Chemist: 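Next up is a structure, given as structure tokens.
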Amino acid sequence: MKRKSETVSFRLPLDLLKLLDQECKAFNISRGDFARTVLTNRLTSAEEESRKVETERLITTLEAVQGEVKLTERKLARLLYLLLTTPANISADDARKITKEQFLGHS
């Protein structure tokens with residue numbers, strides 16, 4: 001499927017135009033084809049780099065959140081232990097067992 005496109009035109013100083021013509025001659029392509037290829041490659045690689053940076057940022061954030069979740073789980077386990085042993089008159093061994101089963105996934 002062909003994508004919709006529009007014409008782009010721009011001016012170049014003579015020294016750059018000369019370099020452009022040299023490159024075009026070396027590859028036996030028109031100025032337009034050369035400019036389109038260079039711009040497409042540059043813009044595409046910038047977009048890919050942006051996605052890579054965003055992905056790395058998200059991974060770092062996820063790792064930080066996972067660490068916070070583990071810390072919160074440990075704090076909740078301690079809190080449950082205290083709640084079970086203080087007002088409920090449950091033995092320390094039973095409180096440990098309940099805490100491990102409920103928060104730490106141990107049986």
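Fair warning: this is a prediction, and the values are worked out from it, not measured in the lab. Values reported hereafter were calculated over all heavy atoms of this structure, with side chains retained and with hydrogens, waters and symmetry mates removed.
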Chemist: On a heavy-atom basis, which atom in Cys24 and which in Ser30 lie closest, and how many Å separate them?
Modeler: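 Closest pair (atom of Cys24, atom of Ser30, distance): SG-O, 3.6 Å.
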
Chemist: In this structure, would Ile29 and Leu17 fall into the same cluster of hydrophobic residues linked by side-chain contacts under 4.5 Å?
Modeler: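 Yes, Ile29 connects to Leu17 through the hydrophobic network.
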
Chemist: Drop me the distance from Lys25's NZ to Phe34's CZ, to the nearest 0.5 angstrom.
Modeler: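 Nearest 0.5 Å value for the NZ-CZ distance: 15.0 Å.
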
Chemist: With heavy-atom distances below 4.5 Å as the criterion, would you say the side chains of Leu71 and Arg74 are in contact?
Modeler: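 The answer is yes; the side chains approach within 4.5 Å.
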
Chemist: Mark yes when over 12 heavy atoms from residues, nucleotides or ligands other than Leu58 sit less than 6.0 Å from its CG; otherwise mark no.
Modeler: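 Atom CG in Leu58 is crowded, with more than 12 foreign heavy atoms closer than 6.0 Å.
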
Chemist: Are Leu20 and Leu16 linked, directly or through other ILVMFWY residues, by side chains that come within less than 4.5 angstrom of each other?
Modeler: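 In one cluster: yes.
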
Chemist: Provide the closest heavy-atom pair for Ser91 versus Thr85 in the form atom of the first, atom of the second, distance.
Modeler: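 Smallest interatomic distance, heavy atoms only, reads O-CG2, 4.3 Å.
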
Chemist: Nearest 0.5 Å, what's the CG-OG1 distance between Leu79 and Thr72?
Modeler: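 Leu79 atom CG to Thr72 atom OG1 measures 12.0 Å (nearest 0.5 Å).
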
Chemist: If hydrophobic clusters are built from ILVMFWY residues whose side chains come within less than 4.5 Å, do Tyr81 and Ile90 share one?
Modeler: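 No.
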
Chemist: Run the side-chain contact (heavy atoms from CB on, under 4.5 Å) test against Glu47 and tell me which residues pass, sequence neighbours left out.
Modeler: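 Result, side-chain contact (heavy atoms from CB on, under 4.5 Å) vs Glu47: Arg51.
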
Chemist: Taking Arg36 first and then Asp33, would you say they form a salt bridge - that is, a charged N and a carboxylate O separated by under 4.0 Å?
Modeler: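 So Arg36 pairs with Asp33 through a salt bridge.
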
Chemist: Out of curiosity, does Leu12 fall in the hydrophobic cluster containing Leu19 (side-chain heavy atoms, cut-off under 4.5 Å, transitive links)?
Modeler: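 Linked, Leu19 and Leu12 end up in one cluster.
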
Chemist: Could you list the residues that satisfy salt bridge (charged side-chain N to carboxylate O under 4.0 Å, His left out) with Asp93, not counting sequence neighbours?
Modeler: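 Result, salt bridge (charged side-chain N to carboxylate O under 4.0 Å, His left out) vs Asp93: Arg96.
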
Chemist: Among the clusters formed by ILVMFWY side chains lying less than 4.5 Å apart, do Leu80 and Leu76 turn up in the same one?
Modeler: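 Leu80 and Leu76: one cluster.
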
Chemist: Count the heavy atoms belonging to other residues, nucleotides or ligands that lie under 6.0 Å from CG of Asp15, then report whether that count exceeds 12.
Modeler: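 Yes, because the 6.0 Å sphere around CG of Asp15 holds more than 12 heavy atoms from other groups.
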
Chemist: Report the C-alpha distance between Glu73 and Lys70 in whole Å, list the side-chain angles of each, state the deciding distance to 0.1 Å, and finish with yes or no for salt bridge (charged side-chain N to carboxylate O under 4.0 Å, His left out).
Modeler: CA-CA 5 Å; Glu73 287 174 341; Lys70 287 181 182 180; over 6 Å; no

Chemist: To the nearest 0.5 Å, tell me how far Arg57 CZ sits from Ile59 CD1.
Modeler: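 So the CZ of Arg57 and the CD1 of Ile59 are separated by 11.0 Å.
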
Chemist: Nearest 0.5 angstrom please: Asp94 CG to Leu84 CG, how far?
Modeler: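 Going from the CG atom of Asp94 to the CG atom of Leu84 covers 9.5 Å.
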
